[in-house]
Structure formats: C-alpha cells, structure tokens
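Predicted model, so just to flag it, every value in this text is computed and none were measured.
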Amino acid sequence: MKIIYSMICLGVLLVACQEKPDTSADDVFKKNSETALKVMLSWEDESPDYSVYADSAMMANTYFGAEKAFSEKNSDEVKQSDKAMLARYDFKLLSNPPEFLPGVNADTKKPDGSVRYYGAWEVTLPATDSTEAKSGVLKIYESFDFNEDGKIYYHQGYGDFSGLFSYLND
C-alpha cells in the first residue's frame with residue numbers, strides 16, 4: 001500500500017512541477033489576425049483603415065511592371081491609388097471569415113506573430129450606361145508582419161492582378 005501511495009504522490013508531484021506551455025505567440029497571432037481581418041473588411045467596405053499600419057509601413061509592389069519594389073503604405077501616393085482603385089472596382093471577400101495561418105521567423109523557424117492568408121476575392125467592374133458589370137475571382141496570398149506595438153510594418157499580396165484587371169477592362 002505504501003508503494004501505491006508513493007507512486008500517486010510522485011505522479012502528482014511530477015504533474016505539478018511541469019511548466020505551463022507558453023501561449024504568448026499564439027495570443028499575439030490571434031490579436032494580429034483580428035487586425036488583418038480589419039484590413040480586409042475595411043477594404044471590402046471601401047474605407048481602408050490606415051491606422052493599423054506603422055508610420056513607416058512598407059507594402060511590396062508585386063504586380064507586373066511595378067517600377068518600385070516597395071511603397072510606403074501610409075503615403076499620399078498609395079492612399080490616392082487605393083482611393084482610385086476602390087472608386088473603379090468593387091471588392092468582395094469570398095471567404096468570410098478568412099482562415100489565417102501563423103507565420104514564422106525565417107531565422108528561428110518559430111512563430112513570430114505574423115499572419116498569412118490564402119483566399120479569394122471577387123472583383124467587379126460595375127455596369128455603366130453602355131456596359132454590363134463584369135466580375136472575376138482573384139486567388140491571392142497575403143502576409144502581414146507586425147511590430148512590437150501590434151502595427152503592420154510589412155504587407156504583401158501575390159495574385160494575378162494584371163490578368164484580372166486585363167480581363168475586367170477588356
């Protein structure tokens with residue numbers, strides 16, 4: 001009987017001494033995922049929220065023929081370009097809520113709070129007096145990297161933007 005009690009006590013002691021798992025990376029990822037969703041929904045609502053971006057946030061210019069590799073996300077040039085894009089086309093997120101995946105640090109291979117997204121958007125060129133509305137689906141990969149303050153400092157998106165806009169405007 002002493003052996004059984006000793007084994008139970010030893011088992012309780014081993015369980016009690018185990019470290020609790022560190023969920024901080026998971027918590028940061030969840031918080032950052034909410035910010036990424038906010039970006040997408042504000043784009044869909046045609047009211048981009050630039051407040052979630054760091055002052056020095058960069059956006060990769062991944063489209064065909066881009067003259068610059070990066071643009072400052074909070075620049076007047078980008079805001080005007082976004083405004084013109086939203087005035088011309090309607091965007092609808094096809095997977096709402098989207099499924100986000102955690103990113104990892106390239107050097108450590110450990111979760112770093114960044115957010116990855118694979119999904120699809122329906123983009124529509126609205127009808128005019130002389131043309132019918134025309135829509136296409138853009139499959140896209142996006143990533144959002146965050147600073148310590150929870151602001152996006154790097155944003156990139158890959159999809160066949162040129163092909164889609166060529167189709168819509170043909």
Side-chain angles (χ1 to χ4, degrees), residues 28-107 111-170:
V28 171
F29 168 71
K30 286 177 185 173
K31 181 179 174 275
N32 291 345
S33 293
E34 291 172 9
T35 302
L37 179 60
K38 187 176 182 179
V39 167
M40 292 176 173
L41 295 179
S42 73
W43 186 262
E44 185 177 47
D45 291 340
E46 297 185 9
S47 56
D49 183 0
Y50 299 99
S51 71
V52 299
Y53 289 90
D55 291 338
S56 59
M58 298 302 285
M59 180 181 72
N61 295 323
T62 61
Y63 56 89
F64 178 77
E67 294 177 15
K68 299 186 298 184
F70 302 98
S71 293
E72 291 182 38
K73 185 63 179 173
N74 284 320
S75 70
D76 289 337
E77 178 185 354
V78 168
K79 289 177 181 179
Q80 289 303 317
S81 176
D82 289 351
K83 185 177 180 178
M85 179 81 65
L86 290 167
R88 183 162 175 80
Y89 304 99
D90 295 324
F91 293 82
K92 180 181 177 188
L93 184 59
L94 294 181
S95 53
N96 193 355
E99 186 171 332
F100 294 117
L101 302 169
V104 296
N105 179 289
D107 297 324
D112 62 1
S114 60
V115 177
R116 307 294 183 250
Y117 159 73
Y118 297 88
W121 286 80
E122 179 181 63
V123 182
T124 302
L125 180 63
T128 65
D129 291 340
S130 59
T131 63
E132 292 184 25
K134 194 171 186 181
S135 295
V137 173
L138 176 65
K139 292 183 181 178
I140 189 169
Y141 163 79
E142 283 187 275
S143 72
F144 304 85
D145 292 351
F146 294 80
N147 66 17
E148 319 72 54
D149 299 325
K151 300 270 189 175
I152 300 167
Y153 73 85
Y154 183 69
H155 181 184
Q156 61 185 331
Y158 293 90
D160 188 4
F161 299 98
S162 300
L164 173 70
F165 293 128
S166 176
Y167 166 76
L168 292 176
N169 293 294
D170 186 26

**Student:** What distance separates Leu101 CG from Tyr117 OH, expressed to the nearest 0.5 Å?
**Tutor:**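 Result: 11.0 Å between the selected atoms.
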
**Student:** Is a side-chain N or O of Lys92 found less than 3.5 angstrom from the main chain of Thr124, in a donor-acceptor match?
**Tutor:**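 Between the backbone of Thr124 and the side chain of Lys92 there is no qualifying donor-acceptor contact (under 3.5 Å).
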
**Student:** Testing the 3.5 Å rule here: is there a donor-acceptor pair between the side chains of Asp112 and Ser114?
**Tutor:**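 Yes, because at least one side-chain N or O of Asp112 sits under 3.5 Å from a partner of the opposite role on Ser114.
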
**Student:** Looking at Lys31 and Gly150, what are the two nearest heavy atoms and their distance?
**Tutor:**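 Lys31 and Gly150 have their closest heavy atoms at NZ-CA, 3.9 Å.
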
**Student:** Determine, using ring centers only, whether Phe165 and Tyr89 are less than 6.0 Å apart.
**Tutor:**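 So the answer is yes for these two rings.
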
**Student:** What closest approach, in Å, do Val137 and Leu164 show between heavy atoms, and which atom pair accounts for it?
**Tutor:**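 Of all heavy-atom pairs spanning Val137 and Leu164, the closest is N-CD1, 4.3 Å.
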
**Student:** Say you draw a straight line from CG of Asp90 to CD of Glu44; how long is it, rounded to the nearest 0.5 Å?
**Tutor:**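 Going from the CG atom of Asp90 to the CD atom of Glu44 covers 10.0 Å.
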
**Student:** Are side-chain heavy atoms of Phe146 and Val28 found at a separation under 4.5 Å?
**Tutor:**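 No, too far: nothing below the 4.5 Å cut-off.
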
**Student:** Do other residues, nucleotides or ligands put more than 12 heavy atoms under 6.0 Å from Asp76 CG?
**Tutor:**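 No.
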
**Student:** How many angstroms lie between CD in Glu46 and CG in Asp82, if you round to the nearest 0.5 Å?
**Tutor:**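 The CG atom of Asp82 is 11.5 Å from CD of Glu46, to the nearest 0.5 Å.
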
**Student:** Could you tell me whether Lys73 and Asp55 have a side-chain N and a carboxylate O separated by less than 4.0 Å?
**Tutor:**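 No, Lys73 and Asp55 are not salt-bridged.
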
**Student:** Check whether any side-chain heavy atom of Ser71 lies under 4.5 Å from a side-chain heavy atom of Glu77, and answer yes or no.
**Tutor:**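 No. Closest side-chain heavy atoms not under 4.5 Å.
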
**Student:** Does Lys134 NZ have over 12 foreign heavy atoms under 6.0 Å away?
**Tutor:**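 Result for NZ/Lys134: enclosed.
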
**Student:** Examine distances only and state if a side-chain atom of Thr62 and a backbone atom of Gly157 form a donor-acceptor pair shorter than 3.5 Å.
**Tutor:**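 Yes.
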
**Student:** Would you name the heavy atoms of Leu138 and Asp160 that are closest together and state the gap between them?
**Tutor:**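 The answer is CD1-N, 3.5 Å.
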
**Student:** Do Asn169 and Arg88 come close enough that some side-chain heavy atom pair is under 4.5 Å?
**Tutor:**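 Of all side-chain heavy-atom pairs linking Arg88 with Asn169, at least one is under 4.5 Å.
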
**Student:** Hey, does Pro48 have a side-chain heavy atom less than 4.5 Å from the side chain of Tyr53?
**Tutor:**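 No - every pair of side-chain heavy atoms lies 4.5 Å or more apart.
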
**Student:** With rounding to the nearest 0.5 angstrom, report the CG to CZ distance, Asn61 to Phe161.
**Tutor:**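 Between Asn61 CG and Phe161 CZ, I get 10.5 Å after rounding to 0.5 Å.
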
**Student:** Just verifying a value: how many Å separate Asn32 CG and Lys38 NZ, rounded to the nearest 0.5 Å?
**Tutor:**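 Answer rounded to 0.5 Å: 12.5 Å.
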
**Student:** Check whether Asn74 reaches the backbone of Ser56 with its side chain - one donor and one acceptor, N or O, closer than 3.5 Å.
**Tutor:**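 Judged by distance alone, no pair lies under 3.5 Å.
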
**Student:** Treating Asn105 as the side-chain partner and Asp107 as the backbone partner, does any N or O pair qualify as donor plus acceptor under 3.5 Å?
**Tutor:**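 The answer is yes, because a donor-acceptor pair under 3.5 Å joins these two groups.
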
**Student:** Where is the tightest heavy-atom contact between Pro98 and Leu93, given as atom of each residue plus distance?
**Tutor:**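 Residues Pro98 and Leu93, closest heavy atoms: CD-CD2, 4.1 Å.
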
**Student:** Please verify the inter-ring angle class for Trp43 with Phe91; under 30° counts as parallel, over 60° as perpendicular, anything in between as tilted.
**Tutor:**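 Geometry flag for Phe91 against Trp43: perpendicular rings.
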
**Student:** Just how far is it from atom OH of Tyr118 to atom OG of Ser143, taken to the nearest 0.5 Å?
**Tutor:**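 If I round to the nearest 0.5 Å, the distance is 9.0 Å.
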
**Student:** What is the minimum heavy-atom distance between Arg116 and Asp145, and which atoms define it?
**Tutor:**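 Heavy-atom minimum between the residues: NH1-OD1, 3.2 Å.
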
**Student:** Taking Phe29's backbone N and O only, do any of them form a donor-acceptor pair with Ser33's side chain (distance below 3.5 Å, no angle check)?
**Tutor:**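 Side chain of Ser33 to backbone of Phe29, a donor-acceptor pair under 3.5 Å: yes, one is there.
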
**Student:** List the atom of Tyr153, the atom of Asn147, and the distance in Å for their closest heavy-atom pair.
**Tutor:**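 So the minimum-distance heavy-atom pair works out to CD2-N, 3.4 Å.
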
**Student:** For residues Gln156 and Met59, determine if any side-chain heavy atom of one lies less than 4.5 Å from a side-chain heavy atom of the other.
**Tutor:**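 Result no, sub-4.5 Å side-chain heavy-atom pair not found.
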
**Student:** Taking the side chain as C-beta and beyond, is there a heavy-atom pair between Lys151 and Thr35 under 4.5 Å?
**Tutor:**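 Contact flag for Lys151/Thr35 side chains = no.
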
